[in-house]
Every structure is written in C-alpha cells, then in structure tokens.
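Structure first, commentary second.
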Amino acid sequence: MVESFRNDEGKPRQRTVCTLGRLESGGDVDTLIASLQRARGIAPAASALDDLRFTDSRHAGDIWALSELWRTLGFDDLATSWRRSKTEIDVLTCLRLMVFNRLCDPGSKLGVLRWLQTVALPAGSGIVTEHQHLLRAMDVLDEHSDKLKLRLATLMRPLIDQDLSVVFYDLTTVAVTGQTDLQDDVRAYGLAKSGLIERQFMLSLVQTCEGLPIAHEVHPGNTAEAKTLLPMIRGLLVRYPLKRVVLIADRGLLSTANIEELDKLQAQLKKDGRDVAVEYILAVPAARYGDFADDLQKLHKGQDATQEWCGETKWSDSRLVVAHDPVAANRRTTARDNTMAELLKLGQQCSVKLDAQDESQRAGQKNKSKGRPMSDSGTKARFYHAVKDAHMAHLIKVDLKADLFSYSIDEDKKRYLELLDGKLLLVTNTNAPAAEVVQRYKSLADIERGFRVLKSDIEIGPVYHRLPQRIRAHALICFMALVLYRVMRMRLKAAKRSESPSTLLESLKRIHQQTVQSGDGKTLAGLTEITPAQKSLFTALDLTPPTPSDLAKPVL
C-alpha cells in the first residue's frame, strides 16, 4: 500500500505505507481478504479449484506410439484380406488391440478386456466389449490367413532388400495346455527345447539379416525339423519377389533330402522362368561330424590350435566350411577332462576298496567297513551308471562281462573328440569366402533373440486355446507383435539409441490421460506433460507425440 505526496520541491512522489503480502493464489493477500470477509460476516467466494477431483487416469503414451507405428506401416489395409467375410464384428479393431496388448500387457484374451479399461485409445478407434468378439475375430483371421499373410508381405516389401535377401530360418517349441484330442490338432507330444517331453506345437520363423521377421508357420508338436524347411521356402518365394535367397539355418535342418529338394526347387524356378538364386548355409549337427572325420583331419593338419582359423573342402556338390574357435575348444576340452577326472577318481576308489576287501578276506580278517561288503558285479553296475549319467560311456568303457571290476579309456576316441572341440561345420553352395560364410551363420543368433522376445516380452506361451484355428491365430497375433517390436528396434538402432523396445514402451507408458472434475461440475481431460526424454523417443521412432485432442474422451 503506497501513498502519493509532493516533496519540498513540489514534485509528486510515492512512499510505501505498509506491505499486505504476496498476490499469488494462496498468498498473504488471500488470507487478509478472507479475514476481512469474516469480520464483515461475508462468506468467502468459492475457488474453481476447490473440491477438484481426479476421476480417471489411463496409460496413453505406449498405446499411442504403437497405433501411430501401425498406421505408418499401412497395416490398416490388412482388412482387405477378409473383406468378403460375412462377420459383423470389427475384425481389424480386434486384431490391432490384441497385437498391442501382447506388447503392452500380455495376458489372456479375457485380459485384453481388463487392459482396455486402463488405456486411452486414439480418437476414432473402435472398441471391443465382449470376449466372444475377440474369439470370433481369431476364427476369421485363421480362415483368411493365406490372404492375410500375402497382404502383410506386400506391406513389408519396402523394408526388405529384394535383390539380395539373406534370410535366417529356425524353429522353437511352444507349450500348450489341455488333454483332449481334436481332429487336425496341432498339439502333440514332442521333445521341447527344455529337453523334456511336453505337449506343444512348433513355430518356425524366417527373418532378414536386419532382424525383421517376414514369415512364420505353425506345425504339430511332433514334426521333424527337417521336413519344415522346404514348405517355408516355397511360401517365401510366393509372397516376396526376391532375386536371390541365401538361406541360413541351424543344426537339425541339414539332411541330404533337404539339399536335394533345394536343388530341385532351383531347377523348377528356372523352368518356370523365375530368375531366382536359391543358396544356403546349413550347420552340420554334431551327431554327423563323424561323416567328415577324414576332411577334418586334413584341414586340422598344420593349423595352430591356439588360433582361430577357417578352412574349406569339397563335400558332394557343395562346400564344407570349417571354423575353429580356440576359446570354445579349450572350454569344451577342459569340461570333458574335469568330468573324466572325477569318474576316474571314483573308479580308482572302487578298485582300492575291492582290493583291500580281498586282502582282508585272504588274511582271514572280518570286513572292517560299515555296511554290506562290495562285490565286483555291483561295483561294475554302479560305476557304469555313473559313467552313463555323465554321458561318458563312449570314452570310459566298463567291461560288464569280466568277472572282476575293470574299465578302460578309449584314447583314440578322446583324441578325435579333442579334434572336434571348437569346430563349426557348415555346408553351403554360395561363392562367398569361408570367413564370410562363418560370419553370416553366426548372425543366426539374432533369431534366437527373437524367440526369446516371443517367449518373454510377448509371452506366446503357454497357450490355453484348444481349437487348432485359434492356436494358429494366436501365433499370428504374436508374430505381428514381433514385427512391430523389431521395426521399433530398427528405428532405435538407426537413431543410435541404446534403449530396447520394451524399455521405450515402459517409458512412454508414463504418459497418462488424466480426467478431472471441478466443484462446479465441469469435466476436463488432458495429458501429463511429455518430458524431453519422452519426446526424444518419439523422434527416434519418427512418430508425432500425442495431444489431448488426439485421444478418445474417457467414458465415466
């Protein structure tokens, strides 16, 4: 509070009489005004912020990023695949939401409905209100799966090098539940990747060298791996106009029949007028290393076992490329020697006890050891089972026919296994140098990471669906989720960002749509402030951040 006055010279001036307090909301001035109103018996005026209630909060950033990525990839055009379907449900909306759910909060199809209550969808998005809508959509997806896969391949072609496409092929097993048997059931008992016999189905996957998955198939759980290769390659050539395919596959897919079929496929393509080169790099399974014993001896001769080296020789009408890794060789040899040392120590202890027991008997003394006396036959059986359980029966030979406990070491076999340690054998018909062939094969490890994403982040299994068509549709939904995941990874890598797609979505998930209601009954919706770090993630994905008007208004 100031007072105006004139000084001795007659000039106007101002001087502070007193300070009432700060003017901002809730400051000293508000307190003074409230006190004066009470003194006059006047009720204080209600503030617009009084009785403010936050009525709803939903995740918005992650679902917005996935929706924009879906839109920019043109995946809404997938609806043309089932255009002639007579279904009355919105299949595209169901597909989109089920795919997004696998990346944001994977769970059951019932879990999709619960998840929808926690997210803010983009404006104009369809909604799903019933569990049966999701299941019916899955039936439509499987019914039109061939058209859908062809349309998806068309949309993904700009992301793939059409002239030289190095593709990786591998399979994994996915656990399923249920004991009933159905016609054309894909659930079957087979050897799982865990090493146990489980009810499962098999999922094969093809991806490019950039890590982009481009094809998948579902096989019964007891299908031999080698039999899945040719159908997948034929389907790949139908969907993509590739000029050259370099197929890289892991152990278990190498067979003489597969190589012959690949050669026949190449001949058939030429006969049909398609200028497509079909090449392959196939790993030799360890069980078949014995077929190449002479070639390995020749290539290993004169090489320094303490250094990495690559060599090659002719095998049938293909090339056999051999790579040696001294670190892996030393690790494998050391592990084997340690296991053998423990078994030989056990064998020596048994021999000493049997000899001591025999000496006591000849001297007419009683057995001083506790328990039942040892016998040669019982000792042979126990030692043989110990050797067998350690997977060393091919090296430590227990003579089960001899009267006395005895065993020997197959030194020739031991030297041969040491020769194999650290070796990688690849069969190929490419003209690439041996070192490049090895490097390309080692890139196959990226497809294993894709399977880990499917099983951990996307949670493809265990599968609780019973009907074959829904199991196949579930695999398709998870495959499309993996496509979005890998496209995000490619864009983050191009932007030189270190975050994983999972970390990115978790960070964007913190962007919320908040709904508030004021004391006078007005309802407002808005977004939490987008931080510079979150804006940079949208920039890395080449996507636009959301605004409050971009999101559907919540129904309260």
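Sequence positions, counted from 1, serve as the residue numbers for this chain. Hydrogens, waters and symmetry mates are skipped; everything else that's a heavy atom, side chains included, is used.
With a 4.5 Å cut-off on side-chain heavy atoms, E506 and T503 do not count as touching. Side-chain contact between Y169 and L229 is present, with heavy atoms from C-beta onward closer than 4.5 Å. The side-chain heavy atoms of K243 and R274, taken from C-beta on, include no pair separated by under 4.5 Å. L205 has its side chain out of reach of L171: every pair of non-hydrogen atoms, C-beta onward, lies at least 4.5 Å apart. Under the 4.5 Å side-chain criterion, counting only non-hydrogen atoms from C-beta, V2 is not in contact with V17. K227 is not listed as a side-chain neighbour of E225, based on a closest heavy-atom distance of 4.5 Å or more. In this structure, the side chains of L424 and D325 stay at 4.5 Å or more apart for every pair of heavy atoms. Looking at heavy atoms from C-beta onward, S502 lies in side-chain contact with Y485 at the 4.5 angstrom threshold.
The pair D185-R199 meets the salt-bridge criterion, since a charged nitrogen lies less than 4.0 angstrom from a carboxylate oxygen. Salt bridge absent: E459 and K455 never bring a charged side-chain N and a carboxylate O closer than 4.0 Å. Salt-bridge check for D146 with R239: failed, with every basic side-chain N at 4.0 Å or more from each acidic carboxylate O. D446 has no carboxylate O lying under 4.0 Å from a charged side-chain N of R452, or vice versa, which leaves the two without a salt bridge. By the 4.0 Å N-to-carboxylate-O rule, E217 lies close enough to K149 to be salt-bridged with it. Salt-bridge annotation for R244 and E279: present, with a side-chain N of the basic residue lying under 4.0 Å from a carboxylate O of the acidic one.
Screening L159, L155, I160, T154 for a side chain to side chain contact (heavy atoms under 4.5 Å, CB included) involving R157 leaves a single residue, T154. Considering I460, L484, I458 in turn, I458 is the only one that fulfils the side chain to side chain contact (heavy atoms under 4.5 Å, CB included) rule with R102.
Within 6.0 Å of atom CG in L182, more than 12 heavy atoms from other residues, nucleotides or ligands are found, so the atom counts as buried in its surroundings. With a 6.0 Å radius and a threshold of 12 heavy atoms from other residues, nucleotides or ligands, E529 has its CD atom at or below the threshold. In F54, the CZ atom is not crowded: 12 or fewer heavy atoms of neighbouring residues, nucleotides or ligands sit closer than 6.0 Å. Summarising the local packing, CG of D272 is surrounded by more than 12 heavy atoms from other residues, nucleotides or ligands at distances under 6.0 Å. Within a 6.0 Å radius of CG in D77, more than 12 heavy atoms belonging to other residues, nucleotides or ligands are found.
When atom types are taken as modelled, the side chain of T93 and the backbone of D90 share no donor-acceptor pair closer than 3.5 angstrom. Looking at Q207, its side chain never comes within 3.5 Å of a backbone N or O of F168 through a donor-acceptor pair. The backbone N or O of M202 sits nowhere less than 3.5 Å from a side-chain atom of T173 that would complete a donor-acceptor pair. Put simply, the side chain of S507 never gets that close to the backbone of L504: no donor and acceptor are under 3.5 Å apart. The backbone N or O of L492 sits nowhere less than 3.5 Å from a side-chain atom of R497 that would complete a donor-acceptor pair. In this structure, the side chain of Q534 engages the main chain of T531 through a donor-acceptor pair within 3.5 Å. Side-chain atoms of S443 come within 3.5 Å of backbone atoms of Q439 as a donor-acceptor pair (strictly under, hydrogens ignored).
Here NE2 of H131 is found 7.0 Å from CG of L113. Values are rounded to the nearest 0.5 Å. For the atom pair L444 CG and I281 CD1, the distance stands at 10.0 Å (nearest 0.5 Å). Interatomic distance, CD of E130 versus CG of L135, reported as 11.0 Å (0.5 Å rounding). Taken to the nearest 0.5 Å, the CG atom of L527 stands 9.0 Å off from the OG atom of S549. Atom NZ of K442 and atom CD1 of I248 lie 13.0 Å apart (nearest 0.5 Å). To the nearest 0.5 Å, atom CG of residue L66 and atom CE of residue M488 are 5.5 Å apart.
Under 3.5 Å, the side chains of Y280 and T430 contain no donor-acceptor pair of N or O atoms. Under 3.5 Å, the side chains of D550 and T547 contain a donor-acceptor pair of N or O atoms. If you check the side chains of T523 and K553, you find no donor sitting under 3.5 Å from an acceptor. Looking at Q513 and R58, their side chains never bring a donor and an acceptor atom within 3.5 Å of each other. Judged purely by distance below 3.5 Å, without hydrogens or angles, the side chains of S536 and T539 never pair a donor atom with an acceptor atom.
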With salt bridge (charged side-chain N to carboxylate O under 4.0 Å, His left out) as the test, would you mind laying out the steps for R470 and D142 before giving the verdict?
CA-CA 7 Å; R470 289 182 184 161; D142 183 68; over 6 Å; no

Candidate pair L134 and V112, rule side chain to side chain contact (heavy atoms under 4.5 Å, CB included), full reasoning
CA-CA 9 Å; L134 299 175; V112 175; 3.9 Å; yes

Give the intermediate values and the outcome of side chain to side chain contact (heavy atoms under 4.5 Å, CB included) for residues R38 and R40.
CA-CA 5 Å; R38 285 194 298 271; R40 292 286 307 276; over 6 Å; no

Could you give me the CA-CA distance, side-chain angles and deciding distance for H219 and S204, then say whether side chain to side chain contact (heavy atoms under 4.5 Å, CB included) is met?
CA-CA 8 Å; H219 314 275; S204 57; 2.8 Å; yes

Would you sort out whether H474 and M138 count as a side chain to side chain contact (heavy atoms under 4.5 Å, CB included), showing the intermediate values?
CA-CA 7 Å; H474 173 76; M138 295 177 73; 4.1 Å; yes

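The two atoms that bring R187 and T177 nearest to each other are NH1-O, 3.1 Å, heavy atoms only. Across all non-hydrogen atoms, the minimal contact from P122 to S125 is O-OG, 2.8 Å. Contact record, A215 with M232: CB-SD, 4.0 Å, taken as the closest heavy-atom pair. Considering all non-hydrogen atoms of both residues, L92 and A79 come closest at CD2-CB, 4.2 Å. Across every non-hydrogen atom of A249 and Y441, the tightest pair is O-CE1, 3.7 Å. Heavy atoms only, all atoms of each residue included: V278 and L237 are closest at CG2-CD1, 4.4 Å.
Listed by first then second residue, pairs satisfying side chain to side chain donor-acceptor pair (under 3.5 Å) with a partner in residues 59-76 read H59-H512, E68-R71, W70-D76, D76-R96, not counting sequence neighbours.
Annotation: ring-ring contact (aromatic ring centres under 6.0 Å, His included) contacts of H216 (sequence neighbours excluded): F479.
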